[in-house]
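Here's the structure, in structure tokens; my notes come after.
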There are 2 protein chains.
Amino acid sequence: MRVSLKDVAAHAGVSIKTVSNVVNNYQHVTPAMRERVQRSIDVLGYRPNLAARHLRKGRTGIIALALPELGNPYFAELAAAVIDAAAAHEYIVLLDHTGGYREQEVLVSQGFRARVIDGLILSPIELEAEDLRDRAENVPLVLLGERDYDLPYDHIAIDNVAAARAAVRHLVELGRREVAFIGARRGRSEPAQLRVRGWREELTAAGLPADDGLVAATDGWGHADGADAMRRILESGRRPDAVFAYNDPMAIGAMRVLFEWGLRVPEDIAVVGFDDVVEGHFGAVTLTSVSPDKEAIGRLAVESVLERLGGNEVSEPHRVWADYRLVERESTLGRAAAADGRG
Amino acid sequence: MRVSLKDVAAHAGVSIKTVSNVVNNYQHVTPAMRERVQRSIDVLGYRPNLAARHLRKGRTGIIALALPELGNPYFAELAAAVIDAAAAHEYIVLLDHTGGYREQEVLVSQGFRARVIDGLILSPIELEAEDLRDRAENVPLVLLGERDYDLPYDHIAIDNVAAARAAVRHLVELGRREVAFIGARRGRSEPAQLRVRGWREELTAAGLPADDGLVAATDGWGHADGADAMRRILESGRRPDAVFAYNDPMAIGAMRVLFEWGLRVPEDIAVVGFDDVVEGHFGAVTLTSVSPDKEAIGRLAVESVLERLGGNEVSEPHRVWADYRLVERESTLGRAAAADGRG
DNA sequence: GTAGGTCTTTACAACGTTATACAGGCGCTT
DNA sequence: AAGCGCCTGTATAACGTTGTAAAGACCTAC
């Protein structure tokens, strides 16, 4: 049988509340009493019942993290960062995945999937502003990934447009003149649109073509989707000399197709990805990629949630920008030049 | 303010328990009464408080999944499978990662990290039998991954020795005569040892060398560790004509080093991995790999936990074997031959 | 020596839910 | 028509914890 405060109190010959005081490090307990109670706690092996504590205090010590999918290593690495950041504050993470489907994202944001949480970190794909407008739930919500709309929720994101522009600028500076974009999402998707926008802005600024024939839309965002998109572009007859992909898995899928078609990377076609996942560091051609500071994103997200929990509910929702940088590797520079950029 | 049973009861003009009966689909409630109460529930937007329910019933609806690391896509994919399987039973998954460190694994197994759970699925790396011997915790524990020792806990695993033998047999049948093993773990690690055993058994049975010079131990099990191990073997002067790696990331890291050394895969050296992660399907050379049925493993693990929760505590701990198969791709067959095996 | 204050401990209620035991009401049997 | 049992709904007591308020112990100062 599980031992409760009552059992400890009986064993130590004190009241329940005194035991509770010891457990919670209440200030006004004499050292003698503290030790006596502690001994009983140790002897009986008492461990607080979190359900009861939660019921009483209204806090669970759990925050939920809802990601589109774990199969994408970017999200897996991000999840790891969140779990560690939460652990630093003695919080535990409940993980959910939405598949990137609007319906699932709405369900999660309304708290229908997990109802024992103090806060929620959500990385939406298809979710619309209106879906959050009438959110009745009162647990703090922090959104991951840039959103264009104005809502009373904290955002943690990198500047997608600027990051995409940096990636494309890198290609342009290398002398590339026809840069394709892979992974404009078929359905709505805020981040994808922003990266397309950055791609278009930078090309236009450089006086280079940014027509629709260079953009390949996809349904998903995995390796296979990138491969399909690349194949479609090549089959259309276009021969871009560079490709900017929505994320690394798609870039790697695209490179695979380039190999199959006998096109060399980077000599014939340079490739840039997004997310800087480990996988990109070890292919036959290592991948140049935009590298968001995942550790910072995870930490900032957790801190934002906990800050909201802290009580000062009036504070304005803030949009926090996390760092990113472009890591140059063989897929744009060739092996020799990228040697010291490898990581 | 949050609405409780009491509020609904007042609104509907009935007792709290009647509302509870409706919520829990208790059999003996007249349709009229059910509808009347349901209307109040809908109007007020009542949602049960899980903490209270947990306190009363002793169940949380949460199971914990503790994995070594999420960065390894195998575990990420496995986590996705567990989350889905749990969702099918209206359970939610709390995710933790241990880094594969014995200390963390012990902490998790003792329930010190998460104390609001009904059951625990743990994928241990360094954990020893003795660590579980005096486990006081009474939440059901299911172990993922084969363990050699006998303990009163369910195991879900594939047959590592047999799977490793199948991988090596494939190489031998292709005419390879010197097969290296990458990823024998420096510290203790049950699965690694079993795969080394399978490697050794199969080679010995074929009358081929299985000496220590062909085995490279590592501390971790990521891409970089595989690359380091491969480099060490090559620098030692050995020129195996095949490599069997502990897992896919290590195999991919090893292939990267082979490219750097100008060795062709599979012509000069064939490579086989383990886990069949998506990443291996899309490299310049796609990777032959042992493919465990992750979906089945996740499902069986969840079902085992829930079965223990079901009450029949006396039932013997069972060791469940999940399926696996060897998926042949370019890293052992070359591009043409593997074309239809690609997936 | 006692009043007044501070420090320590206690009793009790409450958090929201479900289990138990019981009270009516109804229909069926005899 | 009375008795019996079943069906439906109700009051009440838990589950284990913490906050509140108050009681008790102890000390200082006059």
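Letters A, B, ... are given to chains in the order of the sequence lines, protein chains preceding strands, and every chain is numbered from 1.
In this structure, B/His54 places its NE2 atom 14 Å from C1' of C/dG16, rounding to the nearest Å. Note: CZ (A/Arg34) to P (C/dT9) measures 9 Å, nearest angstrom. A straight line from CD1 of B/Ile16 to C1' of C/dT20 spans 15 Å, rounded to a whole angstrom. Rounded to whole Å, the distance from CG on B/Leu55 to P on C/dA19 is 13 Å. A straight line from OH of B/Tyr26 to P of C/dA21 spans 13 Å, rounded to a whole angstrom. The distance from atom NZ of B/Lys57 to atom C1' of C/dG16 is 14 Å, rounded to the nearest whole Å. In this structure, B/Leu50 atom CG and C/dG16 atom C1' are separated by 11 Å, rounded to whole Å. Remark: C1' of D/dG19 and NE2 of A/His28 are 15 Å apart, rounded to the nearest angstrom.
Enclosure of atom CD in A/Glu130 by more than 12 non-hydrogen atoms of other residues, nucleotides or ligands within 6.0 angstrom is indicated.
For A/Ser15 and C/dA11, the shortest distance from a side-chain N or O to OP1 or OP2 is not below 4.0 Å. Within the 4.0 Å cut-off from OP1 or OP2 of C/dG16, not a single side-chain nitrogen or oxygen of B/Arg53 is found.
Looking at heavy-atom distances under 4.0 Å, A/Asn21 makes contact with a base. Here B/Val23 lies out of heavy-atom contact (under 4.0 Å) with every strand.
Checked for salt-bridge contact, A/Asp131 and A/Arg102 meet the test: a charged N lies under 4.0 Å from a carboxylate O.
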Worked check of side-chain hydrogen bond (donor to acceptor under 3.5 Å, both in side chains) between A/His28 and A/Asn21:
CA-CA 8 Å; A/His28 301 298; A/Asn21 287 339; over 6 Å; no
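You'll find a donor-acceptor pair under 3.5 Å spanning the side chain of A/Lys17 and the base of D/dG19, going by distance alone. Side-chain N/O atoms of A/Arg56 and base N/O atoms of D/dT17 include no donor-acceptor pair closer than 3.5 Å.
When each of D/dT17, C/dT17, C/dT18 is scored by its nearest atom to the side-chain atoms of A/Leu5, the top-ranked nucleotide is D/dT17. For A/Thr18, counting side-chain heavy atoms from C-beta on, the closest listed nucleotide (C/dG16, C/dT9, D/dA11) is C/dT9. Here the side chain of A/Thr30 is nearest to one of C/dT17, C/dT9, C/dT10, namely C/dT9.
Across all non-hydrogen atoms, the minimal contact from B/Val93 to B/Ala86 is CG2-CB, 3.6 Å. A/Ile83 approaches B/Leu70 most closely through the heavy-atom pair CD1-CD1, 4.0 Å.
Between A/Lys6 and A/Ser20, the residue anchored nearer the 5' end of DNA chain D, judged by the nucleotide with its closest heavy atom, is A/Lys6.
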